[in-house]
*Asks:* 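Pasting a structure below so you can have a look.
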Amino acid sequence: MRYFILFIALLTASFSNAQDTGSIVGKLTDKEYNNEPLAFANVLIKGTTKGTTSDFDGLYGFESLAPGTYILQFSFVGYETQEIPTEVVVGKITQVNVIMGASAASLDEVVITTTTKRESETALLLEQKKAVEMKQSIGAQELSRKGIGDAAGAVSKISGVSKQEGSSNVYVRGLGDRYLNTTLNGLSLPSNDVNKKNIDLNLFASDVIENVSISKAYSSKYYADFSAGNVNISSKDYSGNGFFDFGIGTEINTNAIGKDFVKSEGTGHFGFYNRYEHDPFSVIISHGFDPVNGETPINTSFGGAFGKSFNFKNGSKLSFYGTGSFENDFQYRKGSNIDYTNVEKKAFETSEEFEYGTTTTAMASIIYKVDNNNTFKINSLFVNNSSDKVGYFGIDGKGRNRDAIANTDEGFYQQNIQFNENLIYVNQLLGTHKFDKLDIDWGFGHNFVNAYEPDRKRLSFENYQFALDNDPNTNPIFYSNVDFDNQRYFQDIQDEELNGRLNFAFKPFETVKINIGYNGRSKERRFNNIRYGYDIIDNSGIANVNDLNSFFTLDNLNLKDNQGTYEIKVIKPYPNLSNTNRPGQPENTYKGKLDIYAGYLNTEIGFGENWLVIPGIRVESFEQYIEYDVINLGVNGKDNISASDVLFLPSLSIKHSLKEDHNIRFSASQTISLPEFKEVAPFVYESVSQRIGGNPDLLGQKPGETYTNVKDVSYSKILNLDLKYEWFVTKSELISLGAFYKQIEDPVNQVVAFDATGTQRFFRTGDKAKIMGVEAEIRKNIITNEDDESQLSFGINATYMHTEQSLYSNIVGSNFNVSFVKDKEELQGASPLIINTDINYSPTNFNNYDPTATLVFSYFSDRIDALGSGQLGNVIEKGIPTLDFILRNKIGETFEINFAAKNLLNPTIKYIRETNQGNIIVTSPNGKDVSNYKKGMNIGLQLKYSF
């Protein structure tokens with residue numbers, strides 16, 4: 001039994017006291033959670049001052065008790081208090097096991113129950129202590145204290161993790177999106193972005209999160225495509241008599257407030273767009289160019305949650321939990337937009353961008369507890385995320401374009417009006433079953449994503465300096481070198497996935513646990529885009545570049561004999577139809593499919609009291625296929641390529657408990673990294689000044705063809721080594737120190753081409769990459785109260801890394817070539833230094849008033865955003881410090897009023913290219929369309945009431 005060691009320890013203690021005393025030990029279990037261990041419950045000997053709390057395994061104990069009868073009192077917030085008479089016999093150990101059940105008393109207490117068990121910092125710290133793998137978590141309690149509103153903000157507070165400003169990219173130990181996996185309740189999640197492998201963690205509002213964990217060391221239960229880590233979001237659920245809470249909030253951004261905001265025509269306040277079913281050509285001839293007036297730039301948020309449980313006479317229970325929320329965000333950026341590769345192509349030194357973002361989240365879960373051993377759960381999540389951007393580039397009249405027709409040195413100007421909406425549906429069915437020596441845990445999921453970019457409008461002008469003078473006789477003109485310098489663009493992505501997992505945990509002996517499992521996924525992506533360009537026939541001048549609806553009218557459409565001012569062009573017309581003023585076919589399409597099926601075996605073997613050894617093996621079969629039809633490759637643009645293999649991946653994890661509160665952990669594993677669809681599909685996405693596309697060579701050489709430094713390999717092999725020391729000083733204090741090493745064979749990097757276009761693509765750039773680093777974390781209570789609860793606490797974690805990869809001198813592939821003048825370089829995305837720290841003050845209760853103040857600081861140092869090829873220098877993302885202040889005020893048991901001031905340092909967000917002439921500010925496909933800007937401070941207030 002799990003508390004056998006405790007029995008022996010207490011038995012030894014009893015003999016050492018000359019057998020004149022006795023002991024009481026036992027285990028508390030939670031009736032509401034399938035009789036799982038109940039941690040942190042209070043156990044008192046009534047009428048005395050002796051008391052203790054159950055540990056993470058639900059164990060408690062009293063030793064050296066005089067013989068006699070005692071009344072043990074068991075209590076836990078929201079649960080029925082139980083009193084049990086117990087007799088202590090000299091030289092004996094009395095065992096008292098108790099099953100605790102929820103109380104019908106107070107609704108508020110029942111709400112606290114879930115928070116205390118699954119979301120508290122103390123519970124998660126104890127879970128880390130007991131875990132068989134290297135894992136760090138942040139729960140809802142800590143999210144609330146630090147004012148973190150989503151999963152992306154949550155993981156960025158974990159040691160070795162940083163988030164890229166202006167994008168959804170999360171880096172773990174210097175490895176970015178392609179080296180991460182994201183799961184919800186252990187089941188894989190889809191991507192909402194054609195340029196990303198993982199779903200945007202910003203989309204997961206804190207209302208749906210019980211905790212977020214990162215497993216940095218590999219275990220055979222994870223998919224083989226693993227290097228940096230696995231991010232798992234555990235969704236909230238509920239078990240109790242019922243509750244309902246509601247909150248509203250408001251916030252301002254110091255940059256955005258006072259600006260006259262504009263947004264796309266046809267979009268709604270809640271971030272929905274209702275023209276997806278219409279043919280793009282119909283949208284073009286029905287709806288104009290100009291943006292419309294936006295709302296007052298004051299951020300708002302509101303949301304609520306409810307839960308209810310029903311108990312049946314046969315002992316079963318049905319529980320419901322639901323939550324919904326909406327929040328919007330106004331951002332204003334003023335900076336530069338410069339396209340510089342081997343020469344300057346375009347330069348807008350003064351630009352501005354208005355962005356209105358929304359996130360709507362709804363989640364519902366149903367839990368049916370058949371009995372204490374069998375539970376089923378249905379979890380359904382919906383997220384709508386939108387971004388509405390209006391950008392003006394070259395607003396000072398000094399924009400430059402080396403390909404300009406009228407003037408290359410000034411007056412170049414562009415508008416970009418762009419709306420993106422991502423609709424995400426995640427549905428899961430989960431189950432757990434407990435038998436005498438066997439536990440079964442399974443899950444099945446279906447994911448579906450619709451990611452739209454409807455009717456992006458991009459217009460180009462010359463002589464914009466004339467729009468800034470007072471001379472009515474001088475006006476800007478359209479820049480119309482090719483028909484698509486002025487365009488409307490439509491893009492549609494659909495991702496669908498079926499996935500499942502099954503684990504049998506068999507415990508034949510107390511010290512041995514065998515896990516046998518299966519997981520698999522079948523994922524498919526469908527992509528298409530179409531673009532319409534404008535051939536400007538009458539380019540005599542535009543009186544007002546902000547009133548283009550009067551120019552692009554149906555009356556001005558040239559239908560014959562140059563009687564109009566413009567024509568609409570499409571690249572791929574329908575058969576027997578003209579490409580002028582007629583609808584067309586998709587310009588680029590691709591379809592990708594990934595099938596993974598795997599079985600695994602690992603065994604948790606305990607040696608004595610202090611050693612746990614976990615050898616594991618995973619056998620995984622994968623097949624990856626992509627077919628594409630793109631215009632940028634000419635006759636080679638229609639093709640397909642596939643790759644498949646069966647992998648045998650060993651892993652080993654060792655845990656040694658030096659003392660009760662000290663752990664040393666070691667992990668070694670072999671994993672891989674598969675290329676993503678967007679890395680393979682050669683479609684090129686064009687932003688205002690950047691181009692990024694994929695490279696089919698990542699799946700290996702085609703049969704019968706040989707290229708320079710393009711191997712017949714479709715994945716990167718990765719060796720992972722981890723060593724970590726943990727000291728759990730108290731239940732809420734921690735000191736840890738870790739070291740890690742990774743070796744990646746055939747690594748993939750994002751590379752900027754050494755040519756006039758500067759298109760960024762993905763290449764296997766060398767034989768090997770190495771990552772070496774150390775991590776340290778401290779959580780310390782500075783002041784505690786008489787109950788040993790923290791009033792003033794401090795936490796810091798820091799990671800230092802050294803990365804190095806070899807570079808080929810030349811890479812010649814089927815369609816793309818690249819060269820490097822260096823033979824070594826740091827790894828793309830790796831910050832040598834990452835720091836996260838916070839200080840928290842929670843004074844003693846003041847007559848039902850509980851304030852909590854938290855100051856949170858984060859920093860990552862400069863890192864390579866993209867490798868430069870040929871004579872080009874690298875693109876560097878400059879390091880960013882952030883500082884947030886959060887003040888939470890709980891008044892009584894039902895009301896909260898909270899204040900937040902975020903980004904207090906307001907650093908400059910900047911990307912630079914290293915050149916022989918010095919550093920040049922540029923933009924990045926991984927960031928926003930503006931660089932060298934300040935984000936502004938966000939100052940907000942939230943009210944929350946619980947019924």
Side-chain angles (χ1 to χ4, degrees), residues 30-34 36 38-41 75-81 100-124 139-145 148-149 185 204-211 233-249 301-312 316-327 361-369 375-382 845 848-850 852 888-898 942-947:
D30 189 346
K31 182 180 179 181
E32 310 304 324
Y33 284 91
N34 299 324
E36 292 182 10
L38 181 62
F40 317 122
S75 63
F76 188 78
V77 178
Y79 280 46
E80 291 280 4
T81 297
M100 302 286 287
S103 167
S106 167
L107 301 186
D108 296 323
E109 288 181 340
V110 176
V111 174
I112 295 171
T113 299
T114 302
T115 301
T116 304
K117 283 183 82 300
R118 305 298 182 201
E119 302 173 357
S120 74
E121 296 174 68
T122 305
L124 293 174
Q141 185 183 84
E142 190 172 354
L143 298 183
S144 175
R145 177 172 65 82
I148 300 169
N185 300 319
F204 289 88
S206 57
D207 291 338
V208 307
I209 299 171
E210 184 172 88
N211 63 69
I233 302 166
S234 296
S235 63
K236 284 187 178 180
D237 54 30
Y238 176 77
S239 179
N241 288 337
F243 83 99
F244 172 73
D245 63 36
F246 182 79
I248 59 173
S301 62
F302 57 85
F306 69 91
K308 179 69 175 176
S309 293
F310 300 91
N311 294 294
F312 302 103
S316 63
K317 174 184 284 190
L318 185 64
S319 300
F320 297 90
Y321 176 77
T323 180
S325 65
F326 168 80
E327 62 179 21
T361 304
M363 189 189 77
S365 67
I366 303 173
I367 302 176
Y368 180 54
K369 179 182 173 184
T375 300
F376 297 90
K377 178 180 179 180
I378 297 175
N379 195 68
S380 186
L381 174 71
F382 166 75
N845 181 287
N848 291 322
Y849 168 54
D850 291 311
T852 301
R888 309 191 73 85
N889 301 278
K890 187 173 182 181
I891 302 172
E893 294 296 326
T894 59
F895 183 63
E896 284 186 38
I897 178 168
N898 304 316
Q942 181 198 48
L943 305 177
K944 188 174 182 179
Y945 191 83
S946 298
F947 297 87

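Residues take their numbers from the sequence shown, with the count starting at 1.
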*Asks:* Provide the closest heavy-atom pair for Thr81 versus Ser75 in the form atom of the first, atom of the second, distance.
*Replies:*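 Closest pair (atom of Thr81, atom of Ser75, distance): OG1-CB, 3.7 Å.
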*Asks:* Measure the spacing between CG of Leu943 and CZ of Phe302 and express it to the nearest 0.5 Å.
*Replies:*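 Answer for the CG-CZ pair, Leu943 versus Phe302, is 14.5 Å.
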*Asks:* Assess, by modelled atom type and distance only, whether the side chains of Ser319 and Ser309 contain a donor and an acceptor separated by less than 3.5 Å.
*Replies:*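 Side-chain D/A pair, Ser319 to Ser309: present.
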*Asks:* From Asp850 CG over to Arg888 CZ, what is the distance, rounded to the nearest 0.5 angstrom?
*Replies:*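 Answer rounded to 0.5 Å: 12.5 Å.
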*Asks:* In terms of ring plane angle, is the pair Phe310 and Phe320 parallel, tilted or perpendicular, where the classes change at 30° and 60°?
*Replies:*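 Answer is perpendicular, since the angle exceeds 60°.
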*Asks:* Would you call Thr375 and Ile367 a side-chain contact if the rule is heavy atoms closer than 4.5 Å?
*Replies:*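 In contact.
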*Asks:* Say you draw a straight line from OH of Tyr321 to CG of Asn379; how long is it, rounded to the nearest 0.5 Å?
*Replies:*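 Rounded to the nearest 0.5 Å, the OH-CG separation comes to 10.5 Å.
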*Asks:* Calculate, to the nearest 0.5 Å, the distance between atoms OG and CG belonging to Ser365 and Asn185 respectively.
*Replies:*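 The OG atom of Ser365 sits 9.0 Å away from the CG atom of Asn185.
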*Asks:* Roughly how far, to the nearest 0.5 Å, is the CZ atom of Phe326 from the OG1 atom of Thr361?
*Replies:*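 Going from OG1 on Thr361 over to CZ on Phe326, the span is 10.5 Å.
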*Asks:* Does the side chain of Phe246 come within less than 4.5 Å of Tyr945's, by heavy atoms?
*Replies:*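 The answer is no, as the side chains (C-beta and beyond) never meet within the 4.5 Å cut-off.
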*Asks:* Would you call the rings of Phe312 and Tyr368 parallel, tilted or perpendicular, taking 30° and 60° as the class edges?
*Replies:*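 Rings of Phe312 and Tyr368: perpendicular, as their planes differ by over 60°.
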*Asks:* Is the positively charged end of Lys308 above the ring of Phe306, judged by distance under 6.0 angstrom from the centroid and angle within 45° of the axis?
*Replies:*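 No, Lys308 does not sit over the ring of Phe306.
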*Asks:* Quick one: pull up CG in Asp245 and CD in Glu896 and give me the separation to the nearest 0.5 Å.
*Replies:*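 Interatomic distance, Asp245 CG to Glu896 CD, rounded to 0.5 Å: 9.0 Å.
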*Asks:* Counting distance only, does the side-chain N/O of Asn898 pair as donor-acceptor with the main-chain N or O of Asn889 below 3.5 Å?
*Replies:*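 The answer is yes, because a donor-acceptor pair under 3.5 Å joins these two groups.
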